[in-house]
Amino acid sequence: MRLYIAVRGNSPGPLFMFPGGAPVSKSFFSVQLKKSLTWAGLPHGSYKGHSFRIGAATTAAMRGLSDEEIQRMGRWKSQAFRKYIRITMLHLHSSTAT
């Protein structure tokens with residue numbers, strides 16, 4: 001991932017995009033993810049593209065990004081992004097205890 005980020009740079013836009021700047025499609029990402037997991041000898045049934053959307057939305061929310069920023073980052077056109085934010089009760093409890 002670090003190598004990819006070094007090549008991609010930190011310009012605005014989707015995390016995964018082609019060299020010309022077009023975002024990687026869901027289907028392309030899913031196929032590449034399955035190939036990579038198979039190559040690594042990992043069970044591809046346990047990992048889906050949505051896992052990355054959940055992780056990105058949750059991390060963004062935990063870091064304090066606004067709803068609008070999260071929505072734009074994930075290219076959501078509705079409030080559906082809220083279903084992807086998975087902040088556990090344990091994390092909420094530990095952050096309020098400090």
Side-chain angles (χ1 to χ4, degrees):
M1 192 66 179
R2 288 183 183 151
L3 179 58
Y4 172 75
I5 296 296
V7 171
R8 183 204 177 280
N10 59 359
S11 61
L15 175 59
F16 298 113
M17 58 185 176
F18 293 107
V24 168
S25 70
K26 293 176 194 173
S27 61
F28 180 86
F29 182 83
S30 293
V31 168
Q32 298 307 312
L33 176 61
K34 185 175 180 179
K35 286 180 180 180
S36 298
L37 291 168
T38 299
W39 178 85
L42 297 171
H44 57 79
S46 301
Y47 302 91
K48 302 290 181 197
H50 276 87
S51 302
F52 289 84
R53 291 177 68 78
I54 291 166
T58 300
T59 299
M62 290 173 61
R63 290 190 173 177
L65 272 71
S66 70
D67 286 355
E68 293 79 19
E69 289 171 311
I70 297 170
Q71 191 172 9
R72 187 172 50 251
M73 177 184 73
R75 297 177 298 184
W76 280 287
K77 304 220 182 314
S78 70
Q79 297 296 309
F81 74 94
R82 292 179 182 201
K83 295 177 186 177
Y84 288 79
I85 299 172
R86 310 273 171 92
I87 300 175
T88 64
M89 294 306 292
L90 178 61
H91 177 73
L92 289 174
H93 178 70
S94 66
S95 65
T96 58
T98 55

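Because only heavy atoms are used, hydrogens play no part in the values below, and waters and symmetry mates are left out as well, while side chains stay in.
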K48 side chain reached by S30 side chain, heavy atoms, under 4.5 Å: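 SC-SC contact between S30 and K48 ruled out.
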In the structure I gave you, are the side-chain heavy atoms of I54 and I85 within less than 4.5 Å of one another anywhere? no
Nearest 0.5 angstrom please: K35 NZ to Q32 CD, how far?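 It is 5.0 Å, given to the nearest 0.5 Å.
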Mind checking the NZ-CZ spacing from K26 to R75? Nearest 0.5 Å is all I need.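 Atom-to-atom, K26:NZ and R75:CZ are 8.0 Å apart.
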Backbone N/O of [Y] and side chain of [X]: donor-acceptor pair under 3.5 Å:
X: E69; Y: S66; answer: yes
X: Q71; Y: S78; answer: yes
X: R86; Y: G55; answer: no

Tell me whether Y4 is reachable from F18 by hopping between hydrophobic residues (I, L, V, M, F, W, Y) whose side-chain heavy atoms are closer than 4.5 Å.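 Yes, because F18 and Y4 connect within a single hydrophobic cluster, where side-chain heavy atoms sit under 4.5 Å apart.
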Looking only at non-hydrogen atoms, find the nearest pair between [X] and [Y] and report the distance.
X: T58; Y: Y84; result: OG1-O, 3.2 Å
X: A61; Y: I87; result: CB-CD1, 4.2 Å
X: H44; Y: L37; result: CA-CD1, 3.8 Å
X: G49; Y: L33; result: N-CD2, 4.0 Å

How about F52 and Y47: are their ring centres within less than 6.0 Å of each other? no
For this output row, return yes or no: ring centroids of F16 and F28 closer than 6.0 angstrom. no
W76 six-ring face occupied by R82 cation (under 6.0 Å, within 45°):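 Here R82 fails the 6.0 Å and 45° test against W76.
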In sequence, state the C-alpha distance, the side-chain angles, and the governing distance for T59 and L65, and then conclude on side chain to side chain contact (heavy atoms under 4.5 Å, CB included). CA-CA 9 Å; T59 299; L65 272 71; over 6 Å; no
